[in-house]
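The structure appears below as C-alpha cells.
Just so it is clear: chains get the letters A, B, ... in the order the sequence lines come, proteins before strands, and each one is counted from 1.
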Amino acid sequence: MTQSRIAQKLFRLITDNAVPIIFIIISAVAIPLSGFSATYLVQELLTRIGRNSFLILSLLIPIMAGMGLNFGMVLGAMAGQIGLIFISDWAIVGIHGIVLAMIIGTPISVALGLLCGNVLNRAKGQEMVTSYILGFFINGIYQLVVLYLMGGIIPITDPILVLSRGYGIRNSINLLGVRTVLDRLFPVRIDSFTLGAFHVENISIPVATYLVIAAFCFFIIWFRRTKLGQDMRALGQDMAIADSAGIPVNRTRVIAIVISTVLACYGQIIYLQNMGTLSTYSSHDQVGMFSIAALLVGGASVSRAGIGNVFLGVILFHLMFIVAPAAGKELIGEAQIGEFFRVFVSYGIIALSLVLHAWKRHNERIRARRALRIPAAGAAASKEGTQ
Amino acid sequence: MLNKLVDAVGWARIIIALFLFSLFVTAPFVGVSVSTSLSNTLERFGMNGVLVLAMVPMVQSGCGLNFGLPLGLIAGLLGATISIELSAYITSVAAVVGLGNAASFFIFITAICIAVPIAAVLGYFYGHLLNRVKGDEMMIATYVGFSSVSFMCIAWLLLPYRNPTMIWGYGGSGLRTTISVSGFWHRVLSGLWTVKIGNFTIPTGMFLFLGVMCFLVWLFMRTKTGTALTAAGSNREFARASGIDVDRVRIISVVLSTILGAIGILVYIQSFGFIQLYMGPFYMALPAVASILLGGASVNKASIWNVVVGTFLFQGILSMTPSVINSILQTDMSEVIRIIVSNGMILYALTRKVKVKR
C-alpha cells in the first residue's frame, strides 16, 4: 500500500516536471558531444540569462491572472523596437539612449496593451490563441508603419536607416551607439575560478542588467501582495467567483496585460542592446516564441509559473540552444540538423506542455464529474439492498 | 430589411466584399486588365479551394479551426516527393500499358494515393490527441502543426531520396527547399480542359476536381456519420446523451480534415509548379482559416458555401491588391494588406464567437 503510494507520488513528480526532466536529459547527452569548454558555456549562459530573463519575467503576471501564456508580448516587443529605431535616428548613445527608448516605448506599449486586454476580454477561454493571432495582426500594422510610413509621413532623417527608395526602414539596424551599454555599466570580470574539476577563466558578468532583473523580481514578489495582485490571483483561481466577490474582472485583466506589455517592451530593449543589431521585421517574432518556450522548459504551466521557473527555464533552454548545433554536427555530421533540431524542440516543448496541461485539466474535470456520480450510485445501491 | 441583410451577412464580410468590388471597378482606370485579374483570381480560387475545404469537418465536429493543417500538408508533401522519386517507374509502366501520354496524370494520382493513407494515419493520432485536450484544441493544433513542420525539416534532410531533380547538387543528399514539378505533373489539373475567352481563362479541370471534392464532403455531411459529427459539434453533451460516440466522430472529422489538407496541397502544388519543403508549410494554415471565416463560418459552424464565398473573396483580394494598389500608390503593399486582412478576420471570428454564446 505504502509502496504503491510512493510509486504514485514519484509518478506524479515525474509527470508534473516532465518537461524540465526531458531537457536535463537532452543537455546531459548533448554537452559532452558538443565539445564546448566550461568557460565558453558559462560565459554564454551568463550573457543569455541577462539578455532573456526580463522578457520571460514579463509573462508571469498574465499567468497569475489566469490568462495563460501572453503571446501578445510581441506587441510590447514591437513598441520597444520603435523606441530603438527613433533613438538610432536621433543618434542618442549610451545609457541615455536606452532610457529614452524605454520612454518612447512606454506610451506605445500601454496603448497596445489596452487594445490587447480589451480584445482578450471578448474572447475569454480562448486568450492564448487570440493573443497569438493578435500578435500577427499588430505585426501587419507594425510593418505598415515601419515599412511605409517611416521616412515618409513619420520623419526619419538618418539615411543609413532608410531604404534606398526613400521611405521604410532597412531590414537590419546596427545599434552601435547603445550596444551592451547596460551590460557594461558596472563591468565585473572573474579572472579565474575553480571548483573541483570545474574550471573557468576570464568571465565577464553584466552586473547592471542583473540588477535590473533582480529589481523586477522584487517588483513581482511585492506586486503579488498588493490588493491588485491578490485580485489577479483570485481571478486566476476562478473568474466567476472573483466576479461575485466584487473584483472588477475585465478591468483587472486589462491591467495585467498592460503591465505585461510594457515590461515586454523594456525586456525587448534590454535584449536588443545586448544583441547589438535589430532585425526590424523579425526580432519580435522569435522573441515571443523563445520566451514562452523557455518559461515552459522551466517547468511552468499555462496556469502556474513562478520566478524559479523563469531562471531554470532560461538556463536549460539556452544550454540546449548553445549545444544543439555542435552536438548535431558531431552526431550526424551536419550542423544544419542541430539547427533544425532546436527549432523543433522549441515548438515541440510548447506543444507538449500545452497538451500535458490541457490533458491534466481534462482528467480533473472527468474525476470531478465521477466524484459527483459515485455517492449517488452508492446511495442507490444501498437503497436496493434494504429493499 | 437592410438591417436583416447586414446581420445575415456580417459587417466584416460586407466591407471586404465592397473593397474587392471597388478594386475591380478601379482596375481598368489604373491600367490593370480586369479579365486577366479575374482569371488570376479564378486560378487561385481553384488552387486553394481544397485547402479551405479541409477546415469544414473539424469546425463542424467542434474541434475548432484547424490550425494544425500543416500536418495534412506534410502528408501531401511526402506524397508529392515520393511520386517524383517513383516517376521513372510510373512513366515506363504507363508506356507499357499504352497510356504514355497520360504519364503525368498517373504520377499525380500516385502522389494522392501515397498522401491519403499517410494523412489518415497522422490524422488518427492527431484526433486522439485533440480528444484529450477538449477546449484547448486550437492552441494545441497550432503548435502540433509547427512542431511537425520543424520535425520534418530534419526528416527532409535525412530521408533517402535519390532523384537528382530533388536533392541538393553538391552534397548528394537532402532535399532542396523548392522542387519544381514541371516535367512531372505541373498544371495537370489546372491545364485540363481550360476554356479561353480572350485574356480570360477558366481552369475547368481544376474546378471540376474542386467541385467533386466539395460534393463528396457535402454528401458525407448528410450521411449518418456526418449528421452525428455535426451534432457533436453543436452540442457535445446533448450528442453524448443521444448515444453518439463523440470521441469517435471527432477522430473521423480530424482524419477527414487531414486527408483534405494533403489533397489540397497537391492541388496547390500542381498549379503553383513548385513543392516548397522545410519551412514552406509553416504558415499555410492561416490563409485557409482566414478564408473560411471570411466566407461566413464561425468557430463552430461551417458549410461548403462558406468555403466557396470565402476562398473567392480572400483570393480575390490577394490577386487584386498587388496590381491595383501598386498602380495607385506605386508601392507593393499587398503583403502587409494580406497580413492585416487575414489575421483581422481570424480575430473578428474569435472575439465574435463568445458574444454569440452569451
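From A:F137, atom CZ reaches atom CD1 of B:I339 across 11.0 Å, with rounding to the nearest 0.5 Å. Here the straight-line distance linking atom CD of A:Q143 with atom CD1 of B:I340 works out to 8.5 Å at 0.5 Å rounding. For the atom pair OH of A:Y347 and OG of B:S148, the computed distance is 11.5 Å after rounding to the nearest 0.5 Å. In this structure, A:F136 CZ and B:I346 CD1 are separated by 8.5 Å, a value rounded to the nearest 0.5 Å. Rounded to the nearest 0.5 angstrom, B:N343 CG and A:I133 CD1 are separated by 5.5 Å. With rounding to the nearest 0.5 Å, the separation of OG1 in B:T351 from CD in A:Q126 is 11.5 Å.
Your options are B:I154, B:L65, B:L129, B:V341, and the one with the most heavy-atom pairs under 4.5 Å with chain A is B:I154. With chain A as the partner, the residue from B:Y143, B:F146, B:F151 showing the most heavy-atom pairs under 4.5 Å is B:Y143.
Nearest heavy-atom pair, B:S147 versus A:A351, reported as atom, atom and distance to 0.1 Å: OG-CB, 3.9 Å. Among all heavy-atom pairs drawn from A:V343 and B:S150, the shortest one is CG1-CB, 3.9 Å.
Residue A:Y167 places its OH atom among more than 12 non-hydrogen atoms of other residues, nucleotides or ligands, all under 6.0 Å distant. Sparse packing is recorded around OH of B:Y124, with 12 or fewer heavy atoms of other residues, nucleotides or ligands lying under 6.0 Å away. Within 6.0 Å of the CD atom in A:Q286, the count of heavy atoms belonging to other residues, nucleotides or ligands exceeds 12. Within a 6.0 Å radius of CZ in B:R176, other residues, nucleotides and ligands contribute more than 12 heavy atoms.
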Should B:M152 and A:F344 be marked as a side chain to side chain contact (heavy atoms under 4.5 Å, CB included) after you check the CA-CA gap, both sets of side-chain angles, and the distance that decides it? CA-CA 9 Å; B:M152 284 312 286; A:F344 165 59; over 6 Å; no
For the pair B:F67 and A:V129, evaluate side chain to side chain contact (heavy atoms under 4.5 Å, CB included) and give the outcome as yes or no after the intermediate values. CA-CA 10 Å; B:F67 286 102; A:V129 74; 4.0 Å; yes
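Remark: of the listed residues B:I140, B:V144, B:V133, B:I140 is the sole one forming a side-chain contact (heavy atoms from CB on, under 4.5 Å) with A:L354.
Neither the backbone nor the side chain of B:L130 has a heavy atom closer than 4.5 Å to any heavy atom of chain A. Heavy atoms closer than 4.5 Å to chain A are found nowhere in B:I337, neither backbone nor side chain. Residue contact with chain A, scored on non-hydrogen atoms closer than 4.5 Å, involves the side chain of B:L157 exclusively. For A:Y132, the part lying near chain B is the side chain, with the backbone staying farther off; criterion is any non-hydrogen pair under 4.5 Å. Of the two parts of A:Y148, only the side chain, counted from C-beta on, holds a non-hydrogen atom closer than 4.5 Å to a non-hydrogen atom of chain B.
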Just list the side-chain donor-acceptor pairs under 3.5 Å for residues 279-297 of chain B, sequence neighbours left out, or say none.
from: B:S291; atom 1: OG; to: B:P287; atom 2: O; distance (Å): 2.8

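Residues B:R132 and A:V355 are not in side-chain contact: their nearest non-hydrogen atoms beyond the backbone lie 4.5 Å or more apart. Side-chain atoms of A:F71 and B:M139, non-hydrogen and from C-beta on, do get closer than 4.5 Å to each other.
A centroid separation of less than 6.0 Å is found between the aromatic rings of B:Y278 and A:F340.
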